[in-house]
There are 2 protein chains.
Amino acid sequence: MKTRKGEQTRALILETALELFRERGYDDTTMRAIAERAGFALGNAYYYFGSKEHLVQGFYARVHRDQLAACQPVLEKERGLKARLLGVLDAVLITIEPYHRFAGTLFKSAADPQSPLNPFSRESEPVRLESISLFAEVLENSNVKVPSDLKAELPYLLWLYHMGIVLFWIHDNSPGQSRTRRLMELTADLVVKLIKLASSPLMRPLRQTTLRLLATLKE
Amino acid sequence: MKTRKGEQTRALILETALELFRERGYDDTTMRAIAERAGFALGNAYYYFGSKEHLVQGFYARVHRDQLAACQPVLEKERGLKARLLGVLDAVLITIEPYHRFAGTLFKSAADPQSPLNPFSRESEPVRLESISLFAEVLENSNVKVPSDLKAELPYLLWLYHMGIVLFWIHDNSPGQSRTRRLMELTADLVVKLIKLASSPLMRPLRQTTLRLLATLKE
DNA sequence: GTACATTATTGAACATGTTCAAAAACTTTG
DNA sequence: CAAAGTTTTTGAACATGTTCAATAATGTAC
């Protein structure tokens, strides 16, 4: 039956939750507070979201949507790899910025291999794949040529790199997370140089060894 | 006053906790169960350990002590860097093996920047510094020569590498965590080769750039 | 040994995530 | 529209981490 009424309540609960997450962080946002502000009984929140953590999956999806939108202009205009990469990273940081306080305690659960919030988990797969394909896009329409063996794995590697930046951002307490931005600039440059270096025919043997290692890791 | 009685109770509670962690994992070990099996009232556990997480600091200290002991023979005998490195990694894996189930849910908290369990936190500093100095030892008495600029940072980098291995181990559900052992072999070889490569005078400029980046990251 | 101080221990209370059976609201069917 | 079925909502109950004031045990000083 899945009526419109349900969808509305569901959306309202998620909105309220994100609002409270921004205001007080994860731990200090109680399920009771969410239910109360949304105007429902406690149990109702659990009808739509199986647990507090499931609310965070909603957060992921929401944030990814906003990131896509935020980096579109740059990806349409720019062709240089570094500029495109920075465009995406910039979009990511801008989108998650209001949630900095929230992100710390969130990553609690995210690091647990059993948790559905883990970026490598099956539950996170949809968002993860979408995110990886965004980096494929970054690469695809840039003016940098990479050999096909590397090209296949590079989007995933760039996604990993981007996760590293986000991890650093979480720990970054400098005003406005300025250190993360510095890191972003420095490493983006390095990453692009490294890609060009690794693409050289001279590097083929080392490149293939490394790619094989990577394949082993991914099962 | 800090009498012997107190120390005994404290030790008993920690022992019981580790026992239960091994048996049922972290989440399924309730503070009540620990208190009950140790033969005390619930509140008493909190007299000695401020929270459930504080019990984990006890786990860290204990495990580090065992690791030191386990790798001592290899460090006294071997001089080759790869063998010494593998000796330590092997000791680490052997020591934490009974806690594999526990480690997953544990790293929940460990990833939270605010949590005292975070390996980078101030509370973890004592154990962290001891662990880093173990890698200094690995390097110091090996037969590999590294330039002094690199030598200063290398123990920390090796510690990071070792944390990466442990992180992989946590996620590794292959029987006996055999994939982690394969990864260990492969990467230890790579790491040693990389160290030798980075030590070459030709690599000085790139090495220094990278070290400067690292310094920036560490504040 | 008695009085005092410190350390250990208890048990009850509280907050919060989660579950669930029952009630209410809504939709479909005849 | 009434009956039957489905979705939504409620409120009370439960488990567990945590706190705290009260009590017991232990040590110290005279």
Side-chain angles (χ1 to χ4, degrees), chain A residues 1-18 20-21 23-59 102 105-110 112 114-117 123, chain B residues 1-18 20-21 23-59 102 105-110 112 114-117 123:
Chain A
M1 220 169 274
K2 285 288 151 62
T3 151
R4 190 186 287 99
K5 175 92 174 299
E7 286 308 310
Q8 244 171 280
T9 318
R10 190 191 159 82
L12 177 55
I13 289 173
L14 182 57
E15 282 313 307
T16 313
L18 294 185
L20 284 169
F21 286 160
E23 275 178 37
R24 342 177 160 169
Y26 187 68
D27 284 339
D28 288 347
T29 299
T30 73
M31 293 298 278
R32 283 171 180 79
I34 296 171
E36 189 177 354
R37 187 180 288 190
F40 293 103
L42 171 61
N44 207 22
Y46 282 91
Y47 180 71
Y48 291 99
F49 298 90
S51 75
K52 197 176 173 186
E53 298 198 343
H54 279 74
L55 281 166
V56 181
Q57 289 284 3
F59 165 74
F102 163 56
T105 45
L106 159 62
F107 263 59
K108 233 189 221 209
S109 322
D112 179 358
Q114 254 73 38
S115 164
L117 300 186
E123 287 86 346
Chain B
M1 219 171 274
K2 287 285 154 60
T3 150
R4 188 185 288 99
K5 177 89 176 299
E7 286 309 311
Q8 244 171 278
T9 319
R10 190 191 159 82
L12 177 57
I13 290 173
L14 182 56
E15 280 316 304
T16 312
L18 294 186
L20 284 169
F21 286 160
E23 274 178 39
R24 343 177 159 168
Y26 187 68
D27 283 340
D28 288 347
T29 299
T30 73
M31 292 299 278
R32 284 171 180 77
I34 296 172
E36 188 177 354
R37 187 180 289 192
F40 293 103
L42 171 61
N44 206 23
Y46 282 90
Y47 180 71
Y48 292 99
F49 298 91
S51 77
K52 198 177 174 184
E53 297 198 344
H54 279 73
L55 281 166
V56 182
Q57 288 286 2
F59 165 74
F102 163 55
T105 45
L106 159 63
F107 263 58
K108 234 190 221 204
S109 321
D112 179 358
Q114 254 73 37
S115 163
L117 300 186
E123 287 87 346

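Here is the naming used below: chain letters follow the sequence lines, and residue numbers restart at 1 for every chain.
Nearest-nucleotide positions on DNA chain C for A:N44 and A:M31 put A:M31 closer to the 5' end. Toward the 5′ end of DNA chain C lies the nearest nucleotide of B:R32, the other residue of the pair B:R32 and A:G43 mapping further downstream.
Taking atom CD of B:E7 as the reference point, atom P of C:dT7 lies 12 Å away to the nearest angstrom. Atoms CZ (A:F49) and P (D:dT9) sit 12 Å apart, rounded to a whole Å. To the nearest angstrom, P of C:dG11 lies 17 Å from OH of B:Y46. Rounded to an integer number of Å, the gap from B:R10 CZ to C:dA8 C1' is 14 Å. Between the CD1 atom of B:I34 and the P atom of D:dT16 there is a distance of 12 Å, given to the nearest Å. As a whole-Å value, the separation of B:K52 NZ from D:dA15 C1' is 12 Å. Taking atom CG of B:L42 as the reference point, atom C1' of C:dA8 lies 15 Å away to the nearest angstrom. In this entry the distance linking CD of B:E36 with P of C:dT10 reads 13 Å, nearest Å.
The cationic atom of A:R10 (NZ for Lys, CZ for Arg) lies less than 6.0 Å from the six-membered ring centre of A:F49 and within 45° of the ring axis.
More than 12 heavy atoms of other residues, nucleotides or ligands sit less than 6.0 Å from atom CD of B:E23.
Side-chain contact check for A:L12 versus A:F40: some heavy-atom pair is nearer than 4.5 Å.
For D:dG17, neither phosphate oxygen OP1 nor OP2 lies less than 4.0 angstrom from any side-chain nitrogen or oxygen of B:S51. A sub-4.0 Å separation between OP1 or OP2 of C:dT10 and a side-chain N or O of B:Y47 is absent.
Using a 4.0 Å heavy-atom cutoff across all strands shown, B:F40 reaches sugar-phosphate atoms only and no base atom.
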- Task: Decide side-chain contact (heavy atoms from CB on, under 4.5 Å) for A:L55 and A:M31; before the verdict, give the C-alpha distance in whole Å, the side-chain angles of both, and the deciding distance to 0.1 Å.
- Result: CA-CA 10 Å; A:L55 281 166; A:M31 293 298 278; 4.0 Å; yes

